[in-house]
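Only one structure is covered here, and it is reproduced in the block below.
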Amino acid sequence: MALGEESSFFSSILKPGSSLHPTFLLAVNAAFALLVFVFLWSAYLTKGNPHFFVLMGIQLALWVSVKWFVQELKKLPPASTMTSTEMSTEKKEQ
C-alpha cells in the first residue's frame, strides 16, 4: 500500500459518515476477528482460563452491537454534507 493510500484511508475515516465506508467496516471486522483469535490463543496457552472466555463473550457482544448499529445507521437517510463552517457562512449571507 502506498503512502498516499494510507493517508487517504486515515483522512477518510475522520469524515462524517465514514462508519458506513466499506474499507472502514472491513478494518473494524478484521480488528474484531483478530481479537477473537488472540483470546482463543490465550485461552489455549493458559489451558482454558475462564477469564479469556468471559472476555471473548464481551468482545463478541460488542462486535454484534457494532454490526447492529451500522445496520441501523444504513437505514437512516443521508445527512447534509455541509460542514459547520459552510453552515455558518450560509447563515451570515442570509
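Because the structure is a prediction, the values reported are computed rather than measured.
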Which hydrophobic side chains are connected to V38, either touching it within the sub-4.5 Å cutoff or through other members that do?
-> none
Please answer: with hydrophobic residues joined when any side-chain heavy atoms are less than 4.5 Å apart, are V36 and L45 in the same cluster?
-> no
Look at the side-chain heavy atoms of Ile, Leu, Val, Met, Phe, Trp and Tyr, link any pair under 4.5 Å apart, and say whether V28 and L62 land in one connected group.
-> yes
F69 and V64: same hydrophobic cluster, using ILVMFWY side-chain contacts below 4.5 Å?
-> no
Would you please test V54 and I58 for side chain to side chain contact (heavy atoms under 4.5 Å, CB included) and show each step?
-> CA-CA 6 Å; V54 171; I58 293 169; 4.2 Å; yes
Distance-minimising heavy-atom pair for F39 and M56 = CD1-CA, 3.8 Å
Y44 meets the ring pair (Phe, Tyr, Trp, His ring centres under 6.0 Å) criterion, sequence neighbours left out, with W41
Co-membership, hydrophobic cluster, residues F53 and L35, 4.5 Å side-chain = yes
Identify whether L26 and L20 are in the same connected component of the hydrophobic contact network (ILVMFWY, side-chain heavy atoms under 4.5 Å).
-> no
With side chains defined as the heavy atoms from C-beta onward, is the minimum distance between W63 and N29 less than 4.5 Å?
-> yes
Taking salt bridge (Lys or Arg N to Asp or Glu O under 4.0 Å) as the test, write out the residues that go with K75, two or more places apart.
-> E72
